[in-house]
Amino acid sequence: MSRRRRASSPRAATPIDFDRTTALARLASDEFDVLVVGGGITGAGVALDAASRGLRTALVERHDFASGTSSRSSKLVHGGLRYLEQSEFLLVYEGLRERQIIRQNAPHLVQVLPFLVPILKTGGLLDRRLARLLGTAMWMYDLAGGWRIRRHQRINKGAALQHIPTLRADRLESAYLYYDCQADDARLTLSVVRTAAAYGAVVANYAALTSFIKDDRGKVTGATVEAEGAAITVRTRVVVNATGVWADDVRELDEGEHPAALRPAKGIHITLPRDKVRNDIAAVIPVQADERSIFVIPWNDETYVGTTDTDYDGTLDDPQCSPADIAYLLDALNDAIEPPVAASDILGTWAGLRPLLRDADSPHTADLSREHRVRVAGSNVVTVIGGKLTTYRRMAMHTVDQVMRLAGRRRRCRTKRLYLVGANGYEEPGADATAEQEHLAHRYGTEAAVVADLVRADPRLSEPLVPGLPYLRAEAVFAVRHEMARTLDDVLARRTRARLLDRDASGEAAEAVAALVAPELGWDDAELARQVRAYRDALAVERAAASCVSEGPREGQMYG
Ligand SMILES: Cc1cc2nc3c(=O)[nH]c(=O)nc-3n(C[C@H](O)[C@H](O)[C@H](O)COP(=O)(O)OP(=O)(O)OC[C@H]3O[C@@H](n4cnc5c(N)ncnc54)[C@H](O)[C@@H]3O)c2cc1C
């Protein structure tokens, strides 16, 4: 790591001040240089960049932090091997550069993950041209920055089968190994938001921007934010619209008409028990039906598989996995492994919407660029759209450069060397660490000590939050005290990822978890019951949408 000085950030022996009531009061009383709308990874990054450059910064999120796309990704911090196919060399290079920066700024949150790319035979024959192309792509990925973790390797069939014994041996010729990174997307987003708060940003979830306030020249002087059933007038000179797939809706509030600049693309994932796939590393599995590929990725004791990439014109608020989406992933996986996995093996599902820019006239959303764009309106509303989880810091830098210009201020971006909460002083757990110590270290970094203190004070908090999953009851307490979790879904879907890892087990534990956090959140019996009902209802909708998986993708469904 370079010896250049890092922007100082709190050594997190005591958790940072992250209190919603105080934040709502300050939204009404303070005056801000910039109000960031949207608490996904993009808005979080913008708030951190702005606050660390000394701007008086506020961030409002309509629902929970990362409740939009930023908790529903493939959870890879990567350059994106497949973008090489589309000749998006710069995108890959930038992704791999950002991968390195995130690894340095948040080493506890980002884990290196080897990926196996099988070289397959079709009809018993090896397509040498395809194998050569794959080799070239591996070298290009390394040259673009992949080498920073480790250079790719070619391994033989036996070695590949040791990593994934379920791969169909009759089709396997050999394989490549390359290296990328994985991070819990919701946790990364929350860590960026909390770091922004540590730098002075005023941050609130469950606070929605509903209108802009402008002077007679049409310039923004403030915005109305609704929270707790009340309207708060927030005074600000600039607004950043970082609302992902909702960006057009917020632009409509500013510009008076819906610009339809975005083309949302749905992607889904399914979670399976690890022993059904038996992979000890990740894999990129080619899909013969449409020349795409899917990821097969280990996560805790489970494996998730994704993703699809389809045009989407349904409601933006709660996209669901359809039976056809699930059939596509199962068919693609079962084409490569044996024995096959069944729909009844699925433990969890999630669906997300990519905020892609509409401009390319491509029939396939997978061909649309993952580049981002920053647009400055005459009203001083700056909209940032597109991009990837991996490149959030760079997107934020470009956005705040524009905000600084509008605010008439000059200060360079500081986030390249800026530890996220939990990173300053973090040391990777040693070989003798217990599974629990490792689990806490990778989720909280130096703040793991605070969770451990909770357990010391009340040993019952060391029990599992959801039987079969690694989360402790102490983590739910930490989530409501220090991470602004407000609902049962916040705790089970985003502060922990129990809902994604094992939907039914999380539903069964819902009552016990609600009882645990109720005193912290001031819930009476009626509210506790309402929270459990709402959570189980959401699971039922998810289960119903994904049920009745057909044998294959539906006619007319386009994947690509
Ligand atoms: C299936 C899938 C897989 C992906 N995999 C990867 C990957 O592996 N690696 C990678 O780098 N990228 C990946 N991406 C891309 C990445 O997830 C997204 O680019 C990123 O999460 C978008 O973040 P965002 O903050 O722009 O949007 P969002 O996370 O959607 O955040 C926008 C927020 O704005 C809030 N909001 C909306 N309106 C208002 C309002 N009026 N007031 C207040 N708040 C409001 C919403 O509630 C929401 O939380 C993937 C995307 C998908 C869909």
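Every number for a ligand or one of its atoms is a count from 1 in the order of the listing.
Residue-ligand proximity: Val37 is placed with a non-hydrogen atom under 4.0 Å from ligand 1.
A salt bridge is absent between Arg26 and Glu31: the closest approach of a Lys/Arg side-chain nitrogen to an acidic carboxylate oxygen does not fall below 4.0 angstrom. Checked for salt-bridge contact, Arg497 and Asp185 meet the test: a charged N lies under 4.0 Å from a carboxylate O.
In terms of N/O distances under 3.5 Å, ligand 1 is approached by Glu61.
Side-chain contact annotation: Asn241 with Trp246, donor-acceptor N/O pair under 3.5 Å absent.
Looking at Lys266 against ligand 1, nothing comes within 4.0 Å, counting heavy atoms. When heavy-atom distances to ligand 1 are checked against a 4.0 Å cut-off, Thr307 comes that close only through its side chain, counted from C-beta outward. Of the heavy atoms in Ala242, only backbone atoms (N, CA, C, O) come closer than 4.0 Å to ligand 1. Contacts of Asp249 with ligand 1, taken as heavy-atom pairs under 4.0 Å, are absent altogether.
Of the protein's non-hydrogen atoms, Thr243 CG2, 3.6 Å is the one closest to atom 38 (N) of ligand 1.
Heavy-atom contacts of Gly38 reach the following atoms of ligand 1: 33 (C), 34 (O), 35 (C), 44 (N) (cutoff under 4.0 Å). Atoms of ligand 1 lying under 4.0 Å from any heavy atom of Gly352, numbered from 1 in the order shown and given with element: 53 (C). Below 4.0 Å from some heavy atom of Gly244 lie the following atoms of ligand 1, by number and element: 26 (O), 27 (O), 32 (C).
With sequence neighbours left out, Thr210 forms a side chain to side chain contact (heavy atoms under 4.5 Å, CB included) with Thr224, Glu226.
The shortest distance between side-chain heavy atoms of Thr189 and Tyr392 does not fall below 4.5 Å.
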